[in-house]
Amino acid sequence: MRINKAQAAEMLLSMDNILILAHENPDGDAVGSACALCKGLRQLEKKAKISLEPAAKIDAYLTEGLTSGDFEPLYKVAVDTADCKILGVGGTSFQKDVKIDLCIDHHISNVFYAENTYLDEKAAAAAEAVADILSEMKIKITKDIAECLYVGISTDTGCFRYGNTTPKTLRTAADMADTGIDIGKINKIQFETKSKEYAEIEKLAIASMETYLEGKCAVIIVTNEMYKQTGIADSETQPLASIPRQIDGVLVGITMKEKQPGFFRISIRTNEPADASEIAKFLGGGGHKMAAGCSYSGTKENAVGTVLQYTEMVLRETGLI
Ligand SMILES: [Mn+2]
């Protein structure tokens, strides 16, 4: 059932012993919104904990102390996750079709897998939706909570550069800044720092870039060999996805990452008016208009060929080529 903000707040207020989950390969929004919600619930003296796949180093510090809690979960809440198929948890034993009591999300592609869903598709980040619910619950936004929310919102807006940034997004971020968090320091960590391994894989990824479809599509491939050569963790490679669409004239930027041999995780980033989620849908994925994802099993050549075929189809249908 789709519920509104007040109903979501009421549900959370009535719950205790809560496990918070988010999507696999969690980004700053998944981590930030999960941690902020957990901290907010704990402020109300509720038992809450998070269970996430390993986060990137720049986000992992937010999870400190939140993964443990001596209780059996009675309720499960998922954030920033459009489909239960992409839920990811710490540890291995997890049923992906587990009953989720409440989902808080901002993906237009949400499939309403949870018993109750609060979906704000206008929110730039799940963290923006979580911020609204926390204030509806009259939870005090401490510096600690604000930092988590700020990381979520700044991640999904590319530090307030993307078109999903609304006046409300900026106001929510300003509310976070009001708590006294160090915006400059957080932005430096999140957006202005590269590990040596990342710098190395970025170099290889850029060297792999090819353009197709009259220069309207650019593809970079991170092969399994490159992962081995640089020793980089998959969670650290997220910023690569924004590179191909930065090229002038490119409408669709595609990043294919072969973490396991023969299995490609595909990130699609578009420029107006191309629609990334339409392309991802053909490969069983989804997301937003400007950012979507899917996966493909097979050879590198087939992976590129298939994704280009669907990209061409979508661009043709919309008269963009
Ligand atoms: Mn998000």
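As a basis for the values below, the full set of heavy atoms in this structure was taken, side chains included, without hydrogen atoms, waters or symmetry mates. We count ligands from 1, going down the list as the structure has it; atoms in each ligand are counted the same way.
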Quick check: does any side chain N or O of Glu192 sit under 3.5 Å from a backbone N or O of Asn187, one acting as donor and the other as acceptor? no
- Item | Cationic N near anionic O, under 4.0 Å, Asp132 to Lys168 | yes
Taken by chain and residue number, the protein N/O/S atoms under 2.8 Å from the Mn ion (ligand 1) read Asp29 OD2, Asp80 OD1, His106 NE2, Asp156 OD2
Sorted by chain and residue number, the ring pair (Phe, Tyr, Trp, His ring centres under 6.0 Å) partners of Tyr310 (sequence neighbours excluded) come out as Phe282
Sequence neighbours excluded, the answer for salt bridge (charged side-chain N to carboxylate O under 4.0 Å, His left out) partners of Lys281 is Glu278
Please determine whether a side-chain nitrogen of the Lys or Arg among Lys39 and Glu147 lies less than 4.0 Å from a carboxylate oxygen of the Asp or Glu. no
So side-chain hydrogen bond (donor to acceptor under 3.5 Å, both in side chains) across residues 112-122, not counting sequence neighbours, yields Arg2-Glu121
